[in-house]
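Encoded as structure tokens, the structure appears first; notes follow it.
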Amino acid sequence: QVQLVESGGGLVQAGGSLRLSCTASGRTFSRYNVAWFRQAPGKEREFVAGIRWSASSTDYADSLKGRFTISRDNAKNTVYLQMNILKPEDTAVYYCAAREYSSGSYYPTSFGSWGQGTQVTVSS
């Protein structure tokens with residue numbers, strides 16, 4: 001497993017942008033498939049975006065396509081989540097997670113490594 005640390009969260013006005021970073025420790029990070037999830041108060045954790053270890057394929061929650069972009073820089077052991085045109089309903093704690101195998105499904109229980117989360121708050 002790898003250790004993950006998220007950063008880049010904060011308070012932003014509706015319509016603004018934020019870029020989250022997920023930095024991993026461990027030399028084998030480039031072999032891991034990574035995803036972003038989010039959890040709003042009183043709601044279940046939901047899938048946001050995922051990227052394969054080679055960055056050859058990305059997946060997004062249907063409702064977020066076009067506003068969020070996931071990318072990675074394996075040389076920096078970092079995965080990014082660019083969030084544009086933010087809305088108040090995007091307010092949540094955002095988590096990155098990693099697993100070693102590739103899959104088109106993103107059940108949270110399939111990820112063995114998680115970060116501590118970073119708060120994103122979008123004001124109206």
Side-chain donor-acceptor contact under 3.5 Å, Q82 with T69: no
Geometric class of the W114/F37 ring pair [parallel <30°, tilted 30-60°, perpendicular >60°]: tilted
Distance (rounded to the nearest 0.5 Å) between [X] [atom1] and [Y] [atom2]:
{"X": "R31", "Y": "N74", "atom1": "CZ", "atom2": "CG", "answer": "12.0 Å"}
{"X": "S123", "Y": "L86", "atom1": "OG", "atom2": "CG", "answer": "10.0 Å"}
{"X": "L4", "Y": "S113", "atom1": "CG", "atom2": "OG", "answer": "5.5 Å"}

Test log, rule side chain to side chain contact (heavy atoms under 4.5 Å, CB included), inputs Y95 and Q39: CA-CA 8 Å; Y95 299 90; Q39 188 165 19; 4.2 Å; yes
From CA spacing to verdict: side-chain hydrogen bond (donor to acceptor under 3.5 Å, both in side chains), N77, T23: CA-CA 6 Å; N77 276 9; T23 301; over 6 Å; no
Sidechain-backbone polar pair: S56 side chain, S54 backbone, donor-acceptor under 3.5 Å: no
Under 3.5 Å donor-acceptor, Q116 side chain and V5 backbone: no
Chi angles and distances behind the side chain to side chain contact (heavy atoms under 4.5 Å, CB included) call for Q119, L11: CA-CA 8 Å; Q119 176 70 48; L11 175 64; over 6 Å; no
Provide the closest heavy-atom pair for [X] versus [Y] in the form atom of the first, atom of the second, distance.
{"X": "T118", "Y": "G9", "result": "OG1-N, 3.2 Å"}
{"X": "S17", "Y": "I85", "result": "OG-N, 4.3 Å"}
{"X": "S124", "Y": "P88", "result": "CB-CG, 3.9 Å"}
{"X": "F68", "Y": "Y60", "result": "O-CE2, 3.2 Å"}
{"X": "S110", "Y": "R99", "result": "OG-NH1, 2.6 Å"}
{"X": "W53", "Y": "S30", "result": "CB-O, 3.1 Å"}

Taking [Y] as the starting point, is it possible to reach [X] by hopping between hydrophobic residues whose side chains are less than 4.5 Å apart?
{"X": "Y106", "Y": "M83", "result": "no"}
{"X": "V122", "Y": "Y94", "result": "yes"}
{"X": "Y80", "Y": "F29", "result": "no"}
{"X": "L81", "Y": "F111", "result": "no"}
{"X": "I51", "Y": "L20", "result": "yes"}

Other residues, nucleotides, ligands: >12 heavy atoms within 6.0 Å of Y101 OH: yes
R72 to Y32, cation-pi by 6.0 Å centre distance and 45° axis angle: no
Within residues 49-62 or reaching into it, pairs that qualify as salt bridge (Lys or Arg N to Asp or Glu O under 4.0 Å) - sequence neighbours excluded: R52-D59, D62-K65
For R38, all residues meeting salt bridge (charged side-chain N to carboxylate O under 4.0 Å, His left out), sequence neighbours excluded: E46, D90
